[in-house]
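Written out below as structure tokens is the structure these notes cover.
Just follow the structure's listing: the first ligand is 1, and inside any ligand the first atom is 1.
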Amino acid sequence: MEQIENLAKQALQQIQECTQMKELNDLRVYYLGKKGPVQELMKNMKNLSPEERPIFGQQVNQLKGQIAETIEQKKEELAMKEMEEKIEKEKIDITLPGRKPVVGNMHPLNLITQELEDLFIGLGYQVIEGNDIVSDEYCFERANIPKDHPARDMQDSLYIDPNWLLRTHTTAIQMKVLEESAPNLPIKVVCPGKVYRRDDDDATHSHQFMQMEGLVIGEHVTLSDLKGTLEFMAKKLFGQDRQIRFRPSFFPFTEPSVEVDVSCHICNGKGCPTCKNTGWIEILGAGEVHPNVLKMAGYDPDKCSGFAFGVGIERVAMLKYGIDDIRHFYTDDLRFLDTFKRYE
Ligand code: PHE
């Protein structure tokens, strides 16, 4: 009995002092294993009287149970401790400031396009886009520019084959809209998009740029309607003090045709380098839609009339944001692009 007590004391103490799972496992194998000290005690059985044996056996079994139970408790305790240590070690400091994701912003050409779209939607226009590749017919013939017409030189083109080309102006979209709408009235659309010309790139020229054209067809739509519309646009884009003026010009698809100037938004018309000391800046071409264009699309030019205008998006963006080189728009330099965050 004394041996049992001593063994219990020793085993329980060792288990209690144990700090590692592995160590605990070794103790379990040692004390409860077949060759362990508990099993060893059983050998003493034969020296006992038959009355004493069951009592002794019971005691040894109790000891076994006690050791097993203590080990189990210790195991839970150690597992808990390990978990706590792990949590402590892997703790995340949630008060640290996070890494800011890099957020992009609108491209200046999209800013202007959107501003113009919003403005014209507000005036009741629809926004219509088209394909970049168009047929010669819709880019030129329908716009009253027959083959061999000298005006084709104005727009040196990028042909894919003799009948198809990259559109040189968004007028190609308008010619489709006209045909698809005929003979219904009115038409009020703006057509934004990329256009392409065989041009050498420099500070003011790009072989690819953006335009937005407007087209209004109805009964008695006159040049003064055009003037009012463009004045409204100029004020929205460049400030309420802006004025516009028309100068005679030529486009095969409009008659009469005009070049439109806006009073300089930098010097207020007094004269500065931006307006080359004239007080005026040319921003777009426009005119009354040519009767031939209406006829080809299926309209009767005696019963309706309308105006069209075409504005270069890069030109507007350069004037509005003070950009001196058109190539900035296409070089994807983040230092340039990031400066437009504040306009969103
Ligand atoms: N299509 C002309 C250009 O590309 C612009 C324009 C459009 C002029 C509509 C008059 C009317 O230069």
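Those atoms of ligand 1 that come under 4.0 Å of a heavy atom in Arg197, given as number and element, are 3 (C), 4 (O), 12 (O). For ligand 1, the atoms sitting less than 4.0 Å from at least one non-hydrogen atom of Thr171 are 1 (N), numbered in the order shown with element in parentheses. Every atom of ligand 1 with a heavy atom of Gln211 under 4.0 Å away is listed here by number and element: 3 (C), 4 (O). Heavy-atom proximity to Phe253, at under 4.0 Å, picks out these atoms of ligand 1: 1 (N), 2 (C), 6 (C), 7 (C), 8 (C), 9 (C), 10 (C), 11 (C).
Of the N or O atoms in Gln174, none lie within a sub-3.5 Å distance of an N or O in ligand 1. Taking any N or O of Glu213, backbone or side chain, at least one lies under 3.5 Å from an N or O belonging to ligand 1.
Using a 4.0 Å cut-off between charged side-chain N and carboxylate O, Arg142 and Glu137 make a salt bridge.
A ring-centre distance under 6.0 Å is found for His169 and Phe253.
By the 6.0 Å contact criterion, CE on Met80 is open, its count of non-hydrogen atoms from other residues, nucleotides or ligands being 12 or less.
For Arg167, no heavy-atom contact with ligand 1 is shorter than 4.0 Å.
Among Gly285, Gly214, Ala308, the residue whose heavy atom lies nearest to atom 8 (C) of ligand 1 is Gly285.
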Residue pair Asp261, Arg247: steps toward the salt bridge (Lys or Arg N to Asp or Glu O under 4.0 Å) verdict: CA-CA 8 Å; Asp261 298 340; Arg247 278 181 294 111; 2.7 Å; yes

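By the 6.0 Å and 45° rule, Lys194 does not stack over the aromatic ring of Phe209.
Under the 30°/60° scheme for interplanar angles, the aromatic rings of His107 and Phe329 are found to be tilted.
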